[in-house]
S.K.: 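Attaching a single structure in structure tokens format; questions to follow.
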2 protein chains.
Amino acid sequence: MILGEGEAHTLFANIVSGVVKLTKTLEDGRQHIIGLLFASDFLGRAFRKDNPYFAEAATEVELCVFPAAGFEKLLTEHSGLEHRLFQYTLTELDACQEWMLLLARKKAEERVASFLLMIAKRVPNTGCIHSANSEEIRFQLPLSRSEISDCLGLTIETVSRQMTRLKTKGVIELINYREIVIPSVRALQAAAYESAS
Amino acid sequence: MILGEGEAHTLFANIVSGVVKLTKTLEDGRQHIIGLLFASDFLGRAFRKDNPYFAEAATEVELCVFPAAGFEKLLTEHSGLEHRLFQYTLTELDACQEWMLLLARKKAEERVASFLLMIAKRVPNTGCIHSANSEEIRFQLPLSRSEISDCLGLTIETVSRQMTRLKTKGVIELINYREIVIPSVRALQAAAYESAS
DNA sequence: CGCCAAGTTGAAAGGTCTCAACGCTAGTGG
DNA sequence: CCACTAGCGTTGAGACCTTTCAACTTGGCG
């Protein structure tokens with residue numbers, strides 16, 4: 001655990017490597033992952049007494065930590081820094097609004113495909129792009145099925161079923177539970193109901 | 001229409017009165033309202049060539065408009081202004097992440113109750129708080145059933161059914177399609193599965 | 001080898017959607 | 001003044017998708 005929901009700030013940080021998940025939970029345990037942080041992303045909510053979410057490492061993580069004390073002062077003193085954080089926050093908001101559309105209107109299969117696309121874009125690929133097809137992408141999933149379901153507002157079982165369905169359709173290949181090959185990004189985009197971006 | 005999705009900026013503005021809705025749409029017409037703007041809210045996405053959403057008046061709206069040309073320059077010149085906009089963006093992000101939890105994990109009835117609660121907090125109340133019960137709140141819905149369903153990731157019919165269900169339970173009273181009385185905010189919060197805030 | 005956690009698969013239940021019919025309200029024109 | 005129409009909202013029945021619960025499989029590890 002890095003930051004507790006509703007607790008006072010203990011730190012701000014840049015992610016150097018690894019993946020951090022940000023979660024929110026309802027009293028009865030229903031849970032959702034409201035965001036994933038990858039290398040170069042920023043962790044921490046400035047100008048607020050308590051954290052609005054719970055931050056937790058999803059993989060091995062390296063952080064570049066800023067002490068909580070004085071961080072906001074640092075921001076106001078270096079307006080260039082604040083400007084960059086503002087820019088970053090704006091793109092975070094864009095991503096969040098895009099994700100709302102997914103949660104509100106997409107079917108399970110589209111959600112899983114969108115998720116894989118998002119991960120493929122942000123996670124370092126495990127190399128070996130085959131010469132036969134330059135479109136092929138291969139990478140490690142940083143999350144378990146349970147965590148994926150918490151990202152997508154689905155259950156573990158539904159995620160699992162949609163994964164095998166995508167596999168059956170030939171849109172993805174499963175090397176093992178965590179390693180995935182995407183033969184054609186185009187086909188995955190179609191399954192995610194997303195235009196190229 | 002105030003701003004078109006994907007189009008270049010034409011304006012930035014503060015909402016003086018009324019309600020503006022921000023929508024995103026999938027190619028096949030599936031649509032979602034990613035945000036509602038009330039009095040004192042800010043409209044426009046700085047530092048980006050195109051609008052990430054479609055902005056449209058939901059009611060009669062008064063705007064305080066800033067010309068698109070030079071707005072970003074204005075921001076960088078007056079860092080106090082940028083700071084305030086940054087603060088505002090952060091609370092917008094908080095609200096967006098909170099809403100994701102609703103879309104991902106809440107049942108239809110909880111969504112409708114949460115929506116009414118959100119509106120009750122932000123819309124000017126239509127007065128007449130009855131002496132008998134100081135908790136009572138009465139207000140006008142700024143949105144049609146169809147727009148509400150687009151906020152909540154539901155269909156019109158489901159929203160309608162949950163409204164009558166809440167009415168049957170005595171959690172809300174419907175004066176007419178647009179006017180609502182909440183006898184006990186506490187009871188509505190319980191239906192929304194939200195702790196006081 | 002056996003155990004445990006993680007993932008998959010199946011069958012049935014449940015919730016939301018879809019489609020269709022109906023009700024209400026307001027505006028229009030005879 | 002009263003049909004008539006159009007738009008919005010409600011209600012009902014059945015289809016569809018996701019969840020739930022349970023059993024089974026896989027993979028990692030002592």
Side-chain angles (χ1 to χ4, degrees), chain A residues 21 26 28-33 58-60 101-116 119 140-169 171-180 191-193, chain B residues 21 26 28-33 58-59 102-116 119 140-169 171-180 191-193:
Chain A
K21 51 182 186 168
L26 255 23
D28 66 349
R30 280 179 285 176
Q31 171 169 291
H32 183 63
I33 295 181
T59 63
E60 289 292 295
L101 183 57
L102 175 149
L103 293 172
R105 294 300 181 201
K106 286 191 181 178
K107 300 263 180 235
E109 184 179 329
E110 297 169 323
R111 293 191 201 191
V112 172
S114 301
F115 172 82
L116 294 174
I119 294 294
Q140 296 273 134
L141 282 179
L143 302 186
S144 68
R145 297 291 186 272
S146 166
E147 290 168 323
I148 295 173
S149 71
D150 280 341
C151 277
L152 298 175
L154 299 169
T155 57
I156 305 175
E157 295 92 331
T158 301
V159 171
S160 178
R161 276 185 252 270
Q162 300 308 327
M163 293 281 264
T164 62
R165 173 185 282 225
L166 286 172
K167 189 177 69 177
T168 309
K169 285 188 180 176
V171 178
I172 63 173
E173 290 162 33
L174 294 171
I175 307 303
N176 58 46
Y177 294 155
R178 288 292 186 131
E179 194 158 6
I180 289 197
Y193 213 92
Chain B
K21 50 181 186 167
L26 255 23
D28 65 349
R30 280 179 286 178
Q31 171 168 290
H32 182 63
I33 295 181
T59 64
L102 176 149
L103 293 172
R105 293 300 181 200
K106 286 192 181 177
K107 300 266 177 232
E109 184 179 329
E110 297 170 322
R111 293 191 201 191
V112 172
S114 301
F115 173 81
L116 294 175
I119 295 294
Q140 295 273 133
L141 282 179
L143 303 186
S144 68
R145 297 290 185 272
S146 166
E147 291 167 322
I148 296 173
S149 71
D150 279 342
C151 276
L152 298 175
L154 299 170
T155 58
I156 305 176
E157 294 92 330
T158 301
V159 170
S160 178
R161 275 185 253 272
Q162 300 307 328
M163 292 280 264
T164 63
R165 174 186 281 227
L166 286 172
K167 189 176 69 176
T168 308
K169 285 188 179 177
V171 178
I172 64 173
E173 289 163 34
L174 295 171
I175 307 302
N176 58 46
Y177 295 152
R178 289 291 187 128
E179 193 158 7
I180 288 196
Y193 214 92

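Letters A, B, ... mirror the listed sequences (proteins, then strands); counts begin at 1.
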S.K.: Which heavy-atom pair separates T158(A) from A108(A) by the least distance, and what is that distance?
M.R.: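 For T158(A) and A108(A), the tightest heavy-atom pair comes out as CG2-CB, 3.7 Å.
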S.K.: Which listed nucleotide (dC17(C), dT10(D), dG10(C)) is nearest to the side chain of R161(B)?
M.R.: dC17(C)
S.K.: Counting the atoms with a prime plus P, OP1 and OP2 as sugar-phosphate, which does T158(A) contact under 4.0 Å by heavy atoms, base, sugar-phosphate, or nothing?
M.R.: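 The residue T158(A) makes base contact.
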S.K.: If you pin K107(A) and S146(B) to their nearest nucleotides in DNA chain D, which one's is more 5'?
M.R.: S146(B)
S.K.: To the nearest angstrom, how far is R165(A) atom CZ from dT8(C) atom P?
M.R.: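 For the pair R165(A) CZ and dT8(C) P, the rounded distance is 15 Å.
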S.K.: Where the side chain of S160(B) is defined as all heavy atoms beyond and including C-beta, which of dT9(C), dT19(D), dG9(D) is the nearest nucleotide?
M.R.: dG9(D)
S.K.: Find out whether L103(A) and H32(B) are in side-chain contact, i.e. whether some heavy atom of one side chain is under 4.5 Å from a heavy atom of the other.
M.R.: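 They are not in side-chain contact.
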S.K.: Just how far, in rounded Å, is C1' of dC24(C) from CZ of R145(B)?
M.R.: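 Going from R145(B) (CZ) to dC24(C) (C1'), I get 13 Å.
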S.K.: Can you tell which of dT18(D), dG7(C), dG9(D) lies closest to the side chain of R178(A)?
M.R.: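 Nearest nucleotide to the side chain: dG7(C).
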S.K.: Atom CG of L143(A) and atom C1' of dG7(C): how far apart are they, to the nearest Å?
M.R.: 15 Å
S.K.: Would you tell me if any nitrogen or oxygen in the side chain of T164(A) comes within less than 4.0 Å of OP1 or OP2 on dT9(C)?
M.R.: yes
S.K.: Select one nucleotide: of dG7(C), dG9(D), dT19(D), the one nearest the side-chain heavy atoms of S144(B).
M.R.: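 Minimum distance to the S144(B) side chain belongs to dG9(D).
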S.K.: Between C1' on dT19(D) and CG on L154(A), what's the gap in Å once rounded to a whole number?
M.R.: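 Rounded to the whole Å, the gap is 10 Å.
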S.K.: Shortest non-hydrogen contact from R111(A) to L154(A)?
M.R.: NH1-CD2, 4.0 Å
S.K.: I need the CD1-P distance between I156(B) and dC19(C), as an integer number of Å.
M.R.: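 After rounding, the reported distance stands at 13 Å.
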S.K.: Tell me: CD of E109(A) to C1' of dC16(D), nearest whole Å?
M.R.: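 Going from CD in E109(A) over to C1' in dC16(D) covers 15 Å.
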S.K.: The side chain of E157(B) lies closest to which of these nucleotides: dT18(C), dT10(D), dC21(D)?
M.R.: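 Shortest atom-to-atom distance from the side chain points to dT18(C).
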S.K.: Using the side-chain heavy atoms of Y177(A), tell me which of these nucleotides is nearest: dG7(C), dT18(D), dC17(C).
M.R.: dG7(C)
S.K.: Is F115(A) close to V159(A) at the side-chain level, that is, under 4.5 Å between some pair of heavy atoms?
M.R.: no
S.K.: Rounding to an integer number of Å, can you tell me how far D150(A) CG sits from dG7(C) P?
M.R.: 12 Å
S.K.: Can the positive tip of R105(A) be found less than 6.0 Å from the middle of the six-membered ring of Y193(A), inside 45° of the ring normal?
M.R.: no
S.K.: Separation of M163(A) atom CE from dT26(D) atom P, in whole Å?
M.R.: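 Nearest whole value for this atom pair: 17 Å.
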